[in-house]
Q: 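Please see the structure below; I have some questions.
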Amino acid sequence: MKLLVTGGAGYIGSAVVRQLVEAGDRVVVFDDLSQGHRAAVHPDATLFHGRLEDRDAIDRVLAEHRPEGILHFASQTLVGESMEKPFLHLGANVRNGLNLLESAVDHGVRRFILSSTANLFGLPERIPIDEETRIDPGSPYGESKFILERILRWMDDRFGLRYAALRYFNAAGAVSPELGEDHDPETHLIPIVLQCALGQREKVTIYGDDYDTSDGTCVRDYVHVADLADAHVRALRALDRGSRTYNLGNGRGFSVRQVIETCRAVTGHAIPAEVGPRRPGDPAVLVASSERIRAELGWAPRYGELRQIVESAWAWHSAHPHGYADRGPAAAPS
Ligand code: UDP
């Protein structure tokens, strides 16, 4: 298939591009490189440097490349930031998504994959969280993704656009020592803890230890980025049988303290930690039920153990302590 991947230079997008290219798909990456990295773009993919605010740029790339499907990763993604700057998320994520969808419909694109989020479930009424769990977004970021999910239902209803909404729990790990996570500023737990192991940070701050969990710290479901990528490829191939929505996680929760302990064990470094205040927008526990995608598409995580996820992340971070700044200009996936 010929595919357009927005945000294909980013952490999850680049992992998906790699699997698509390896499966023989032809990929055009649309990215403004504000958060992504040129070196993360697969050498066999075409990079179109453009902004989703620019409808003309989207029209041009769709007219030129005529993709059969779009995978949409490019987005503001930080829960904490969205609590401080709600318009950034509600505005940019929804407006850019609409630009992309309107252009997609105008150019006859019939397949669409949306990166959605576990943050749709702000205070989940039950754990694990399946697709029937009541949606009540935990932040403006989660709300922006829910609005896009709702819009997609109408795109299907009105224009026959087949979509998959994939709600990631905590994406983590690295596809290879050459392709991993590199955010600036870094806010995610595992890379922050590993930066402590590298001596780049003095300590990690635990955001609250008074939650109603076994050790008082927040519990999350960490899922390997290569397993997420596999889910995208499967969902894309299934779209001709209809639109679909899946929660994507390992189905097991680990507390912030357990993650830090695992990082200590994998790296052999002490990694000092101190307890700080809660971070606004953080639910106590988010653990997925991914039974639906397992049953319907035969998906199963290959990296079920937190230790495997941390080991792969450590292989990337220790090989590239400054991320893509340590890499050459062209991607060379191993
Ligand atoms: N967290 C933390 N200290 C940090 C970064 C994150 O205690 O420096 C916690 C955060 O409150 C959450 C969990 O680690 O409970 C995972 O956070 P992350 O930002 O990695 O992902 P999110 O759950 O926000 O998608």
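Just so you know, ligand 1 is whichever comes first in the structure, and atom 1 is the first atom listed for that ligand. As the structure is a prediction and not an experimental result, all values here were calculated from the model.
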Q: Apart from Y141 itself, which Ile, Leu, Val, Met, Phe, Trp or Tyr residues share its cluster (side-chain heavy atoms under 4.5 Å, direct or through members)?
A: V79
Q: By number and element, which atoms of ligand 1 are closer than 4.0 Å to a non-hydrogen atom of Y222?
A: 13 (C), 16 (C)
Q: For the residue pair H232 and Y168, is the inter-centroid distance of their aromatic rings smaller than 6.0 Å?
A: yes
Q: Determine, considering heavy atoms only, which of Y141, Y207, Y168 sits nearest to atom 2 (C) of ligand 1.
A: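 Nearest heavy atom to atom 2 (C) of ligand 1 lies in Y207.
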Q: Side chain, backbone, both or neither: which part of F254 has a heavy atom under 4.0 Å from ligand 1?
A: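 Under 4.0 Å from ligand 1, F254 contributes no heavy atoms.
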Q: Salt bridge check: are E53 and R51 linked by an N-O gap of less than 4.0 Å?
A: yes
Q: Has the side chain of R244 got a donor or acceptor atom that lies under 3.5 Å from a matching backbone atom of G242?
A: yes
Q: With backbone taken as N, CA, C and O and side chain as the heavy atoms from C-beta onward, which portion of T205 lies under 4.0 Å from ligand 1: side chain, backbone, both, or neither?
A: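 Within the 4.0 Å criterion, T205 contacts ligand 1 through backbone atoms alone.
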Q: Suppose I only count heavy atoms of I206 and a 4.0 Å limit; which atoms of ligand 1 are within that range?
A: 7 (O)
Q: Scan R237, R111, R18 and name whichever one has a salt bridge (Lys or Arg N to Asp or Glu O under 4.0 Å) with D25.
A: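 Single salt bridge (Lys or Arg N to Asp or Glu O under 4.0 Å) partner of D25 among R237, R111, R18: R237.
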Q: For atom 9 (C) of ligand 1, which protein heavy atom lies nearest, and how many Å away is it?
A: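 Result: V256 CG2, 3.8 Å.
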Q: Any carboxylate oxygen within less than 4.0 angstrom of a Lys/Arg side-chain nitrogen, looking at R60 and D56?
A: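 So R60 does not pair with D56 through a salt bridge.
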Q: Starting from atom 20 (O) of ligand 1, which protein heavy atom do you reach first, and at what distance in Å?
A: L189 N, 2.8 Å
Q: Quick one: which of V256, V275, V259, I260 gives a side chain to side chain contact (heavy atoms under 4.5 Å, CB included) with T217?
A: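 By the side chain to side chain contact (heavy atoms under 4.5 Å, CB included) criterion, T217 pairs with just one of V256, V275, V259, I260: V256.
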Q: Nearest heavy atom to atom 17 (O) of ligand 1: which of H188, R279, R220, R257 does it belong to?
A: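 Nearest option to atom 17 (O) of ligand 1, by heavy atoms: R279.
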Q: Check E149 with K145, please: is the shortest side-chain N to carboxylate O separation under 4.0 Å?
A: no
Q: Checking a contact table here: which protein heavy atom is nearest atom 15 (O) of ligand 1, and how many Å away?
A: C218 CB, 3.0 Å
Q: What are the atoms of ligand 1, with element, lying closer than 4.0 Å to any heavy atom of I192?
A: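 Those qualifying, in numeric order: 8 (O).
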Q: So, does N250 use its side chain to make a donor-acceptor pair with the main chain of D221 at under 3.5 Å?
A: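 Pair absent, no side-chain N/O of N250 close to backbone of D221.
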Q: Output the list of atoms in ligand 1 that are nearer than 4.0 Å to some heavy atom of T187, sorted by atom number.
A: 5 (C), 19 (O)
Q: So which protein heavy atom does atom 11 (O) of ligand 1 come closest to, and at what separation?
A: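 The closest heavy atom on the protein side is D282 OD2, 2.5 Å.
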Q: Checking a contact table here: which protein heavy atom is nearest atom 25 (O) of ligand 1, and how many Å away?
A: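 Looking only at protein heavy atoms, the one closest to atom 25 (O) of ligand 1 is N170 ND2, 3.5 Å.
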